[in-house]
Structure formats: C-alpha cells, structure tokens
Number of protein chains: 2
Amino acid sequence: MLSALIAHISKYVSLSDSDIQAIYKHTEPVNVKKKDYLLKEGQICRSNYFVAEGCLRMFFINEKGSEQITQFAIEHWWLADYMSFTMQSASKFNIQAIEGSVLIALDHHKQEELLKEVPQLERYFRLMMQRAYAAMQQRFKFLYDFSKEDSYLHFVNNFPGFVQRVPQYMLASYLGFTPEYLSEIRKKIR
Amino acid sequence: MLSALIAHISKYVSLSDSDIQAIYKHTEPVNVKKKDYLLKEGQICRSNYFVAEGCLRMFFINEKGSEQITQFAIEHWWLADYMSFTMQSASKFNIQAIEGSVLIALDHHKQEELLKEVPQLERYFRLMMQRAYAAMQQRFKFLYDFSKEDSYLHFVNNFPGFVQRVPQYMLASYLGFTPEYLSEIRKKIR
DNA sequence: CGGTCTCTTGACGGAGTTCAAAGCTAGTGG
DNA sequence: CCACTAGCTTTGAACTCCGTCAAGAGACCG
C-alpha cells in the first residue's frame with residue numbers, strides 16, 4: 001500500500017527509483033482494525049500518518065467528559081497532532097481508526113532523515129501542509145457563517161459519500177452540536 | 001525591514017549572501033496605513049504577506065452582512081487566503097491593516113521562482129505552514145472546549161499585550177460572539 | 001436471540017443574540 | 001488646544017437556538 005503514497009507524492013514532485021527506495025526505508029505500513037488507537041491523550045505524537053485506505057478521527061475529551069471530534073482523515077490525507085509532533089511533547093488529542101485502515105506511518109526523526117535524503121519532499125510536505133491549512137481557513141469561515149442546520153446541510157452536500165461511512169453522532173460532534181439536535185434537523189429536512 | 005524577514009528565515013534554515021540577494025529580488029516591501037486593504041472579497045489573493053511590524057486582520061462578510069474576523073496576523077507571521085493564493089481563484093476574504101504596518105509581500109509566481117533559486121526555502125515555508133496548521137488545530141480545540149467566557153479569558157491570558165492593540169469588538173468577532181456579550185463578560189470579571 | 005450501540009422524541013432551561021438607546025473616547029480640523 | 005463628531009462600549013429587556021436529561025425504539029453483532 002506504499003504505492004498509494006508514492007503515486008500521491010508523484011502528483012506533486014518527481015521521484016527517482018532511489019528516492020522511492022529511501023521512502024520505502026523510512027516509512028512503515030500500518031494495518032489497523034476499527035477502533036484501534038494510533039495516539040492517546042498524554043502520549044507524544046510520534047508519527048505522521050498517511051491514509052492509504054480507510055478513515056481516522058482525531059478527538060479530545062472535553063470539560064464535560066465527552067469525546068469531541070476535531071478532524072477526520074480519509075484516503076490521501078495526512079493526520080497528526082502537529083503541535084505534539086513538532087515539539088515532541090505530550091498531546092491532548094486521541095487518534096483512532098473509524099474503519100479498518102491501511103496507513104503509512106512516518107516517525108518524526110525518520111521524516112527528518114528522509115527529508116535530508118530526498119529534499120524535494122520538503123516541497124511535497126509544504127504543499128500538503130498548505131493544502132491542510134487552506135482547508136482549515138475555509139472551515140473556520142463555515143463555522144462562523146453557518147447556523148448548525150446549515151453546517152449539516154453544507155457538509156452533506158460537500159461530502160455525500162462520507163456521511164454514509166460514519167455514525168451520525170460523530171458527524172454531530174465534528175460539526176459542534178449534539179446527536180439529539182442532529183436528529184431534530186434530519187426530521188425537519190424530511 | 002527586509003532584515004526582519006531574513007532574521008526570521010535564518011532561525012530555520014541557513015542563507016548565503018546570494019540567497020539573501022535572491023530573496024531581496026523577489027520580495028517587495030509594502031508600507032500600509034491603518035485601514036488600508038491588502039485583499040478584497042472577489043479579488044485573487046496574489047501575495048503572501050509577512051508582517052515585519054504592525055498587525056493585520058482577515059475577515060469576511062457573513063450572511064447577516066456584518067464583518068466576521070477569522071484571523072489576526074502580528075509580527076513574524078505570514079498571512080494569506082491560501083485557497084485563493086494556491087489556486088489563484090477569487091477569494092471570499094478581506095485582509096486589512098489594523099495598525100500602520102510594514103509588510104513583505106511575496107507574489108505567487110515570485111514565490112515559485114524564489115523557491116527554485118533557493119530550495120531550502122521550501123523547508124522554511126513547510127515549517128511555517130506546519131506551525132500555522134498546528135496553531136489552527138489548537139484553536140479548534142479551544143473553540144469546541146470553552147464557553148464564550150472561557151474563550152475570552154484564555155485569549156487575554158495568552159496574548160496579554162495584544163488585547164490592548166485591537167478594539168474590543170474585533171476581539172469579540174474573532175472569538176465568535178457579539179460586542180454586547182463581551183461587555184457583559186468584562187463586567188462580570190471586575 | 002440477548003445485549004450493547006445508535007438514533008429519535010419531547011419537555012425544560014440557559015447561554016448567548018438582538019435591538020434600541022445612552023454614555024464614552026479618541027481622532028480631526030479649525 | 002479645544003470642540004465636535006464618528007466610532008466604540010455599555011446597559012437592559014425580550015427572545016431563541018440549542019443543550020441537557022430521561023426514556024423509548026431500532027439496529028447491529030456476537
């Protein structure tokens with residue numbers, strides 16, 4: 001499943017055979033079952049994960065003691081708590097598989113080594129970070145602009161396939177409201 | 001004021017004299033007065049701005065017709081609508097100076113040229129994007145975790161100097177509530 | 001089939017908004 | 001250096017969206 005990553009990188013920068021060998025040497029494929037954890041609160045986020053297949057969620061435990069989802073990651077996106085990853089300090093987030101998933105893990109120090117060996121990956125990761133950051137800027141706009149009802153409608157229209165893949169209560173959490181209220185919205189729409 | 005940028009870059013990667021010359025050639029210093037616009041809704045976000053001195057805000061006009069601030073940028077941070085910047089497509093955001101400011105502007109195509117001439121800047125910008133993205137991940141956590149009152153207290157504690165620099169109503173907008181409610185919170189604290 | 005997740009319903013309460021008006025403050029020009 | 005004005009902040013009352021709690025109905029998995 002490394003081929004999915006190689007294909008993805010190749011869309012942004014060109015790789016020689018020896019570059020591919022270097023990537024092969026520094027990354028580690030990881031197969032996880034539904035509900036397996038990749039990071040738990042209090043641990044250091046040691047790896048940056050590329051989703052080749054499947055789906056992850058990142059969440060934290062809020063002041064009331066319930067799980068609050070902040071991000072999903074589907075095929076061809078990277079996920080990590082980048083504060084913890086960069087500083088190698090304790091994370092306040094959890095990362096968990098929502099489906100059985102195939103991931104490529106890239107450890108912090110392995111990433112540094114790999115970037116030295118294959119410098120054009122600096123460009124690839126810059127573009128990935130820029131893409132992720134741009135998506136977040138858009139998301140902030142929606143968060144501020146839309147009512148909860150509109151947030152839901154917008155999400156459903158923009159990711160029609162994805163809505164089927166996760167339980168409703170996770171969507172509600174991600175969108176910032178309760179499963180009860182989501183139920184209300186869905187009733188209204190019918 | 002380019003020296004501020006050179007100093008900042010030098011914290012992350014090392015620059016030769018010719019690298020510095022290249023940076024000098026591709027960037028443009030911009031002096032703006034309070035309330036000057038750097039980007040207006042509908043325009044393409046052509047430049048990435050480094051704040052050497054001063055302060056910017058990014059905002060959009062929400063469904064009710066009022067300004068909603070999504071980001072501030074102070075000294076040593078970069079600001080752009082990265083979706084518009086990357087795709088060179090129309091932006092839905094505005095960028096405006098809150099104070100008289102000294103900026104370094106880097107146009108999209110100039111950035112591409114510069115990155116070709118000085119490849120280690122790919123690393124610098126990767127680190128900047130990663131830092132900005134990490135900050136956003138944290139911010140999402142706070143947004144979901146805190147009540148409006150706690151958001152305000154948290155912001156004041158974390159950026160004590162900054163609160164003096166902007167009008168209260170801009171803070172309220174950034175934190176996602178009304179100036180009236182902010183006034184209520186401030187009364188309660190006293 | 002039994003038990004544990006997940007989704008729905010309805011009653012109630014409260015954090016935060018809206019609207020309107022008055023009080024401040026700071027910038028500007030005379 | 002004062003006076004004027006526009007912009008900013010405060011107040012209070014009415015309202016509303018959405019959360020909380022509790023209980024029941026499905027749905028899925030071993």
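Chain A is the first sequence line, chain B the second, and so forth, proteins listed ahead of strands; every chain is numbered from 1. Values in this document were obtained by computation on a predicted structure and should not be read as measured data.
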Checklist entry - Can you give one letter per nucleotide of nucleotides 10-25 of chain C, going 5' to 3': B for a protein heavy atom under 4.0 Å from the base, S for sugar-phosphate only, - for none? => result S----SBBBB------
Item to check | Atom of A:Gln68, atom of A:Ser173 and distance for their closest heavy-atom approach | outcome: NE2-O, 2.6 Å
Checklist entry - So does B:Lys141 pair up with A:Glu41, basic N to acidic O under 4.0 Å? => result no
Checklist entry - In whole Å, what is the span from the CD atom of B:Glu99 to the C1' atom of C:dG27? => result 16 Å
Next on the checklist: Whole angstroms only, please: what is the OH-C1' distance between B:Tyr144 and D:dG19?
Outcome noted: 16 Å
Next on the checklist: Does A:Phe125 form a ring-ring contact (aromatic ring centres under 6.0 Å, His included) with A:Trp78? I'd like the steps, not just the answer.
Outcome noted: CA-CA 10 Å; A:Phe125 282 107; A:Trp78 288 87; 5.2 Å; yes
Checklist entry - Listed by chain and number, what are the salt bridge (Lys or Arg N to Asp or Glu O under 4.0 Å) partners of A:Glu53, not counting sequence neighbours? => result none
Item to check | Ion pair A:Glu28/A:Arg46, N-O distance below 4.0 Å | outcome: no
Show me the protein contacts with nucleotides 26-30 of chain D, counting only N or O atoms at under 3.5 Å.
none

Checklist entry - Where is the tightest heavy-atom contact between A:Val163 and A:Gln168, given as atom of each residue plus distance? => result CG1-NE2, 4.5 Å
Item to check | Where A:Arg131 and A:His76 come nearest, the two heavy atoms and their spacing | outcome: NH2-O, 2.8 Å
Checklist entry - Is the shortest distance from a Lys or Arg side-chain nitrogen in A:Arg123 or B:Glu112 to a carboxylate oxygen in the other one below 4.0 Å? => result yes
